[in-house]
J.: 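Below you will find the structure I want to go over with you.
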Amino acid sequence: MGPYKKHWCALIGVCIVMFSLLGYFGAEVYRSAPPIPTQVSSASGQKLFTQDDILDGQTAWQSVGGMQLGSIWGHGAYQAPDWTADWLHRELSAWLDLAAHERHGKAFDQLGVGEQGALRAELKAEYRGNRTDANGTLQVSDRRAQAIAQTAAYYDQLFSDAPALRKSRQSFAMKENTLPSAERRQAMTQFFFWTAWAAATERPGTHVTYTNNWPHEPLIGNTPSGENIVWSIASVVILLAGVGFLVWGWSFLRDHEEPLPKAPSRDPLTCFALTPSQHALGKYLFLVVALFVFQVFLGGFTAHYTVEGQHFYGIDVSQWFPYSLTRTWHIQAALFWIATGFLAVGLFLAPVINGGKDPKFQKLGVDVLFWALVAVCVGSFAGNYLAIAQKLPPEWNFWLGHQGYEYVDLGRLWQILKWVGILLWLVLMLRGVLPALLKRSTDGKGEDKNLLALLTASVGAIGLFYGAGLFYGERTSLSVMEYWRWWVVHLWVEGFFEVFATTALAFVFSSMGLVSRNMATTASLASASLFMLGGIPGTFHHLYFAGTTTPVMAVGAAFSALEVVPLIVLGHEAWENWRLKDRAPWMDSLRWPLLCFVAVAFWNMLGAGVFGFMINPPISLYYVQGLNTTPVHAHAALFGVYGFLALGFTLLVLRYVRPQFAFNDRLMTIAFWGLNGGLVLMIATSLLPIGIIQFAASASEGLWYARSEAFMQQPLLQTLRWVRTFGDLVFIGGAVALALQVVLGLANKGQSSRQAPADARLVRG
């Protein structure tokens with residue numbers, strides 16, 4: 001550890017404490033998950049359905065795309081309704097009408113204020129009361145049983161090809177006969193009922209529902225709890241305090257900046273012969289841009305479904321490529337190409353760290369990993385198609401088809417194979433890194449290997465922690481599944497990839513002689529501590545309303561506020577990265593990768609920081625979860641941060657594997673500003689305005705209304721969805737220009753090997 005002992009102690013201490021919190025309250029998630037009744041029956045003794053029926057419905061929902069077609073508990077797609085909120089409101093409305101006809105002989109909306117108030121009070125008492133006995137049997141009133149049957153009949157028609165609801169299916173971007181089996185449709189309605197039951201029923205010993213009173217539903221008093229408001233205010237205070245302490249710490253506690261080292265006359269990374277494994281990385285770069293372009297065109301195609309429902313400019317394509325499928329592919333393609341960009345830069349650095357040499361059979365491993373990635377990508381996409389087309393046997397869907405959970409949609413078999421591929425990457429990385437890390441210095445002075453040790457730790461975390469996504473099964477409770485899903489989506493991606501990217505860039509710049517090793521190491525260790533401090537327990541901010549208790553909300557709100565703290569001051573990092581271009585004449589060839597890293601800092605501040613905190617406090621998320629405010633954050637953070645990082649890494653590796661190739665400034669200008677401008681346009685002119693309008697509707701009427709057909713098909717919102725086309729076209733133009741630049745670079749092989757310098761220490765770890 002040497003001079004960095006305090007930094008290492010801080011990082012290790014943060015990780016121990018934060019993972020302890022994540023694990024302790026993770027156990028709380030298991031203990032407090034909403035129960036699934038062993039049986040649901042009516043007061044008159046009629047058996048309605050069982051726990052197995054509800055779980056069968058969960059698997060049926062997964063097979064139609066799950067979270068890619070509407071949402072459950074606010075997580076999923078945004079065009080169709082949130083099935084929890086929609087079911088709950090329909091069932092409540094049916095109950096009120098049944099009661100009104102029984103008591104007064106007319107519809108509920110024809111009653112006087114007093115009569116309506118009396119029925120609403122009775123409705124609230126019945127629905128918020130927990131009527132599950134010691135044996136796990138849930139008994140509902142006969143009137144509620146009728147309301148359940150009426151609501152189920154609507155959903156049975158909606159997910160079939162019933163002509164009466166064809167217009168609704170078009171509005172929701174659902175294909176005809178979404179779930180052909182009447183038996184499975186019935187089971188799915190029972191699963192929807194259970195998610196709404198958990199959202200309406202008070203947790204024993206409390207005055208809030210299992211989902212902390214989410215969604216907003218005035219009919220039964222689902223409004224923000226006192227704890228929600230308290231921890232929302234606390235999160236804002238913690239954010240302000242965090243920013244303040246960061247500024248003071250930066251000003252008074254940091255060491256004085258040491259002068260930058262004199263830049264070498266020649267790029268040190270060009271001073272050694274490319275190894276066979278580095279030669280083999282060209283196909284990785286091609287895969288990155290191929291999947292990128294595929295994903296971007298799919299994004300435009302999927303966005304168009306929000307205005308025409310089942311058609312693409314008048315052509316009915318939904319029976320072959322429905323919204324739920326193209327949205328699945330859109331998200332999965334993004335994850336594949338972003339991950340491939342990160343894997344490529346790691347595989348490029350491994351021989352550099354190893355003194356310019358490949359470990360034995362390294363090229364073979366690189367080739368095997370590439371084709372494994374291709375196989376998993378093709379196999380998972382094919383499985384998604386077969387699942388949503390209902391061509392797979394139900395028992396095969398989860399394993400080969402579609403898990404139904406956003407960002408981990410690929411079938412479980414493909415998920416396992418993907419993890420095997422990541423572990424292979426880990427092995428290939430360690431074969432290059434460990435020899436350099438363990439090698440003793442020949443001059444007796446000892447080399448500073450702290451930065452390399454941090455890089456090794458981040459590589460190990462990336463390799464191992466993806467396996468957290470295997471800790472739930474097909475019929476696992478939604479609350480437990482969400483806990484592990486966000487280990488992958490939040491902790492693995494937003495935590496460990498962030499540390500790897502920061503450390504890899506610091507290693508590259510220090511190896512180039514542009515920054516001192518001491519400065520790079522100190523900055524990387526400090527950044528890792530900050531990321532982990534908020535990022536690990538901040539995982540819980542996704543679980544406020546996923547069937548968890550108040551302590552989970554408290555931990556999530558408090559620590560996720562700290563996630564934003566380092567993002568607010570990333571303008572300094574952007575400036576530091578950008579000014580490196582003037583350190584040496586040869587840095588001009590790295591101008592465009594550097595600009596990508598500047599864009600990463602900008603979007604980290606805006607997309608992850610500002611837009612992330614916009615939906616982060618519990619009181620905010622209570623009203624905006626499941627609205628178009630969420631994709632504002634998702635697009636700006638996932639592409640703006642990790643997308644630009646992967647593209648920057650791709651351009652960086654291209655620069656070295658094709659050393660004679662020069663970037664075309666005109667093409668790269670179109671690419672860079674097209675991607676940034678298109679992202680700004682789609683957010684500012686469409687996603688954000690729609691989200692704000694929905695927010696007002698959700699706060700005043702309820703989530704069911706903000707996602708309803710009547711609301712979403714208003715002319716203004718239709719126009720705003722059409723307007724998004726302009727931003728999409730600009731973005732697509734930028735994506736095509738960047739892909740063309742990479743393809744041209746790969747085609748220009750030129751002279752790709754050089755003599756290694758006498759002093760190879762410049763590039764060693």
Side-chain angles (χ1 to χ4, degrees), residues 260-264 266-272 274-275 277-278 281 284-285 288 341-356 429 432-433 436-437 447-459 462 497-525 527-528 573-584 586-601 642 644-659 663 754 757 760-765:
L260 293 173
K262 182 179 179 181
R266 181 181 177 185
D267 184 349
L269 296 185
T270 65
C271 295
F272 66 95
L274 287 174
T275 67
S277 71
Q278 290 174 319
L281 292 177
Y284 281 77
L285 308 186
V288 168
F342 277 76
L343 300 186
V345 76
L347 294 172
F348 174 78
L349 288 177
V352 173
I353 296 168
N354 198 39
M429 289 294 298
V433 173
L437 190 62
E447 295 180 36
D448 182 357
K449 297 180 180 179
N450 285 271
L451 184 59
L452 185 56
L454 182 59
L455 181 64
T456 306
S458 67
V459 166
I462 288 173
F497 266 106
E498 188 86 52
V499 174
F500 170 78
T502 300
T503 310
L505 281 177
F507 181 85
V508 168
F509 292 147
S510 63
S511 295
M512 290 176 172
L514 301 174
V515 297
S516 70
R517 182 58 57 93
N518 176 62
M519 185 185 301
T521 304
T522 302
S524 296
L525 285 168
S527 297
E573 179 183 318
W575 166 247
E576 291 293 332
N577 285 341
W578 178 237
R579 72 172 183 160
L580 291 177
K581 69 181 177 60
D582 299 321
R583 295 276 290 116
W586 48 264
M587 279 297 293
D588 189 59
S589 62
L590 294 175
R591 175 171 175 253
W592 291 108
L594 279 178
L595 267 174
C596 287
F597 301 142
V598 171
V600 168
Y642 297 99
F644 267 119
L645 259 177
L647 294 177
F649 284 148
T650 298
L651 296 175
L652 187 71
V653 175
L654 176 64
R655 158 73 183 89
Y656 291 109
V657 299
R658 294 293 186 268
F663 291 111
R754 297 166 295 280
R761 289 176 298 175
L762 285 171
V763 293
R764 288 181 182 164

J.: Sort out for me which residue in V653, V352, L349 forms a side chain to side chain contact (heavy atoms under 4.5 Å, CB included) with Q278.
T.: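 Checked V653, V352, L349 against Q278; only one passes side chain to side chain contact (heavy atoms under 4.5 Å, CB included): V352.
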J.: CG of L654 to CH2 of W592: how many Å apart, nearest 0.5 Å?
T.: 14.5 Å
J.: Where the side chain of S458 meets the backbone of L455, is there a donor-acceptor pair that is under 3.5 Å apart?
T.: yes
J.: Would L454 and T521 count as a side-chain contact (heavy atoms from CB on, under 4.5 Å) if you check the C-alpha gap in whole Å, the side-chain angles of each, and the deciding distance to 0.1 Å?
T.: CA-CA 8 Å; L454 182 59; T521 304; over 6 Å; no
J.: Does a side-chain heavy-atom distance below 4.5 Å link V288 with Y284?
T.: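 Side-chain contact under 4.5 Å: no.
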J.: I'd like to know if the side chain of T522 reaches the main chain of M519, judged simply by a donor and an acceptor atom lying under 3.5 Å from each other, with no hydrogens or angles considered.
T.: no
J.: About how many Å separate OG1 of T503 and CG of L525, when rounded to the nearest 0.5 Å?
T.: 7.5 Å
J.: Calculate, to the nearest 0.5 Å, the distance between atoms CZ and CG belonging to F500 and L505 respectively.
T.: 9.0 Å
J.: Between F597 and F649, does the ring centroid distance fall short of 6.0 Å?
T.: yes
J.: Using a 4.5 Å cut-off on heavy atoms from C-beta on, say whether the side chain of L594 contacts that of F509.
T.: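 In short, these two side chains touch, coming nearer than 4.5 Å.
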J.: Does any part of the side chain of F342, heavy atoms only, come nearer than 4.5 Å to the side chain of L645, both counted from C-beta?
T.: yes
J.: Would a 4.5 Å heavy-atom cut-off, applied to side chains only, mark L451 and S524 as touching?
T.: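 In short, these two side chains touch, coming nearer than 4.5 Å.
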J.: CG/L281 to OG1/T275 distance, rounded to the nearest 0.5 angstrom?
T.: 7.5 Å
J.: Between L651 and C596, does the side-chain contact (heavy atoms from CB on, under 4.5 Å) criterion hold? Intermediate values first, please.
T.: CA-CA 9 Å; L651 296 175; C596 287; 4.0 Å; yes
J.: Working note: S527 + V499, criterion side-chain contact (heavy atoms from CB on, under 4.5 Å); need CA distance, chi angles, decisive distance, verdict.
T.: CA-CA 8 Å; S527 297; V499 174; over 6 Å; no
J.: Just verifying a value: how many Å separate F663 CZ and S589 OG, rounded to the nearest 0.5 Å?
T.: 8.0 Å
J.: Nearest 0.5 Å, what's the NZ-CD1 distance between K449 and I353?
T.: 12.0 Å
J.: Quick one: do L590 and M512 satisfy side-chain contact (heavy atoms from CB on, under 4.5 Å)? Show the steps, please.
T.: CA-CA 12 Å; L590 294 175; M512 290 176 172; 3.3 Å; yes
J.: What I'd like to find out is whether the side chain of V657 reaches to under 4.5 Å of the side chain of L285, using heavy atoms alone.
T.: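 Answer yes - side chains close enough.
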J.: Can you find a side-chain donor-acceptor pair between Y642 and E498 that sits under 3.5 Å?
T.: yes
J.: So do S510 and S516 actually touch side chain to side chain, heavy atoms under 4.5 Å?
T.: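 Sidechains of S510 and S516: no contact.
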